[in-house]
K.L.:
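I'd like to ask some things about the structure below.
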Amino acid sequence: INQQPEGVCEKLDGESVAVVDVKASLESGQSGKITYQWYVNGKECQGTSSVRYSKIVLTQSNLTPVAGKDWEYSGQVYCKLSYNNYTVDTKTVTVTINTCTHAKYTHDGKCQQCGEPCSEEVLFIDEDGIPYSYELHGGEAQVGGILVSGGTFYFVRDIDAILRAGGGDGTNKKDLTLDLQGHTVKALDLQNCPYNSVTIKSGTIEGINTSVPAVLILDGVTTNQTNFSEQYTLTVKGNCVFQHQVNFLGKTQLRGGTFQGGINVALGEEALALLADGYAFADADSNEILNVSNVDISNRAVKVVAHTDQYQNGKCACGRICDHAGKVDKDGYCTFCKALVEAFETGGKRYTSLENALAAAQDGDTITLRGPLDIENAEPIEISKNIILNLNGHTLSKSREEALLCILGSNVVIANGTVQSTCVSKSANAVEVGKFHHTGAKLTLDNVTLEGSIGGGTGVRGHGPVSYTHLRAH
């Protein structure tokens, strides 16, 4: 025996059969023919052959049904070889015929009944388990006639081709989901986009194109596409990865994603407009939240993360700014960001800035600070009227290099609180009295703490006296 029996399953005239063959030869010097007698499950069998050959073809009628699997037939097969008065038995081999029709498949491409994988021609499985194959023509495959019915389609293999997904008459549009299941698709052309929306998830796709407006959702997709046109209403979520700098021209909502080459977008409102509520940009490596009102993300690796806005004086670390419009309650606080909006009061009226309060005040009036406040004026606020600034036990602070206040009036009083410079870049004064080419300024401090950064709390520019009552200067 040169080769023990081996069995394979084949299709013969559309019927599933098992083919078993053995190879044997006579010893040198012998002549004649070897007789082959096949046995299946202990009984003589000649299968579909009428003559005893070294090969036997078995159908399901020659085998025994497998318990619990009415689509499967099995048998123990061996062959008795005879020459003159000599016989020898081969080893026994188990053969199985699978008559399953593979009507439906699991999402990962295995037959729901027998578990066999789908054929190489199948590209995706629909949500009902129906397999769909494809034909390539010049590196393209037309799949729109299948996808236009909507629903979810599960890819079971990679395809290095452009999928053309147009078709239909544009009526009764359905939502379409393409679950790549970790596979790679060269490109998708939506053409006339006969879909209500298109979701692509969990895989790699080089590019996506459309010739008409399209609602597109990317979820956990890796792509090297650099431009999403104004035709797209786009949502990005999950662990999407954009491998190059990307430009979003249409309406875009980012709920996730890593942008390895950054996003081509201007600072401030343009960058913030890309984000969905509850999300912010962060450094891709450190996870530090980025203030995109000041930080350029056009050439920086960033990602979008869940973020709860925390406002201080109407500003969040992510760059969002609350305008307080229509949100100020009866006590002068913003109902959204909780900032003190109407921070100053004089003459029975409240004002949103010290400048506005000063404009309304007369000599001898008192302007009262209603709560702690950090201001960001580029230049010191000049007080030229003889007023009393009652800090009311609160702190008025500023982080810029310039002083908070510049006293120019001839009889100005600051009382009952703290004026603080929090600048860390250089020495900065909290209050300046007078300025060059200006004389006659006078400041009285009553129960006040002045805190300058690095250096002292007050500075005098020009000529003007300062009188102190219960002053603490740092």
Side-chain angles (χ1 to χ4, degrees), residues 104-105 107-109 118 121-238 240 242 246-257 274 276:
K104 292 187 176 183
Y105 288 84
H107 295 165
D108 58 356
C118 58
E121 291 76 25
V122 174
L123 177 58
F124 45 68
I125 313 292
D126 74 7
E127 56 194 22
D128 294 323
I130 307 301
Y132 291 93
S133 58
Y134 65 97
E135 294 183 3
L136 286 180
H137 300 283
E140 300 180 1
Q142 182 59 248
V143 294
I146 301 169
L147 302 181
V148 73
S149 61
T152 301
F153 293 82
Y154 301 89
F155 280 67
V156 294
R157 67 189 75 257
D158 299 345
I159 180 168
D160 186 20
I162 301 173
L163 302 183
R164 304 291 184 188
D169 58 7
T171 62
N172 194 27
K173 292 184 176 183
K174 303 292 183 63
D175 294 320
L176 171 67
T177 297
L178 302 180
D179 191 340
L180 304 184
Q181 297 196 116
H183 295 291
T184 298
V185 174
K186 181 178 181 180
L188 175 68
D189 184 1
L190 296 175
Q191 297 178 300
N192 65 331
C193 192
Y195 311 100
N196 184 53
S197 69
V198 177
T199 298
I200 305 173
K201 60 187 297 185
S202 305
T204 300
I205 187 165
E206 292 185 19
I208 308 161
N209 188 44
T210 182
S211 58
V212 298
V215 176
L216 178 64
I217 302 167
L218 301 180
D219 184 1
V221 171
T222 297
T223 181
N224 58 17
Q225 184 159 332
T226 59
N227 191 71
F228 288 83
S229 74
E230 66 279 356
Q231 298 278 29
Y232 289 109
T233 298
L234 176 65
T235 299
V236 176
K237 61 182 183 178
C240 286
F242 295 81
V246 63
N247 191 22
F248 298 113
L249 299 178
K251 183 178 180 181
T252 303
Q253 288 282 279
L254 303 181
R255 300 176 180 270
L274 295 175

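From a predicted model like this one, the values you see are computed outputs, not experimental measurements. Counting begins at 1 with the first residue of the sequence.
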K.L.:
Can a donor-acceptor pair be found, under 3.5 Å and without considering hydrogens, that links the side chain of Gln191 to the backbone of Cys193?
P.N.:
no
K.L.:
Can you run down the salt bridge (charged side-chain N to carboxylate O under 4.0 Å, His left out) pairs that involve residues 183-200, sequence neighbours left out, and say none if there aren't any?
P.N.:
Arg164-Asp189
K.L.:
Listed by chain and number, what are the side-chain hydrogen bond (donor to acceptor under 3.5 Å, both in side chains) partners of Asp219, not counting sequence neighbours?
P.N.:
none
K.L.:
Report yes if the side chains of Asn196 and Val215 come closer than 4.5 Å at any heavy-atom pair, otherwise no.
P.N.:
no
K.L.:
Do Tyr132 and Leu123 come close enough that some side-chain heavy atom pair is under 4.5 Å?
P.N.:
no
K.L.:
Do the ring planes of Tyr154 and His107 sit parallel (below 30°), tilted (30 to 60°) or perpendicular (above 60°)?
P.N.:
parallel
K.L.:
Is the backbone N or O of Ile205 less than 3.5 Å from a side-chain atom of Thr223, with the two atoms forming a donor-acceptor pair by type?
P.N.:
yes
K.L.:
Side-chain contact test, heavy atoms from C-beta onward, threshold under 4.5 Å: evaluate it for Leu178 versus Val185 and give yes or no.
P.N.:
no
K.L.:
For Lys201, look at atom NZ and say whether over 12 heavy atoms of other residues, nucleotides or ligands are found less than 6.0 Å away.
P.N.:
no
K.L.:
So do the side chains of Lys237 and Ile217 get within less than 4.5 Å of each other, counting heavy atoms only?
P.N.:
yes
K.L.:
Would you compute the distance between atom CZ of Phe248 and atom OG of Ser229 and round it to the nearest 0.5 angstrom?
P.N.:
12.0 Å
K.L.:
Check whether any side-chain N or O of Gln181 sits under 3.5 Å from a backbone N or O of His183 as a donor-acceptor pair, and report yes or no.
P.N.:
no
K.L.:
Who passes side-chain hydrogen bond (donor to acceptor under 3.5 Å, both in side chains) against Asp160, sequence neighbours left out?
P.N.:
none
K.L.:
Got a second to check how far Tyr134's OH is from Glu121's CD, nearest 0.5 Å?
P.N.:
8.0 Å
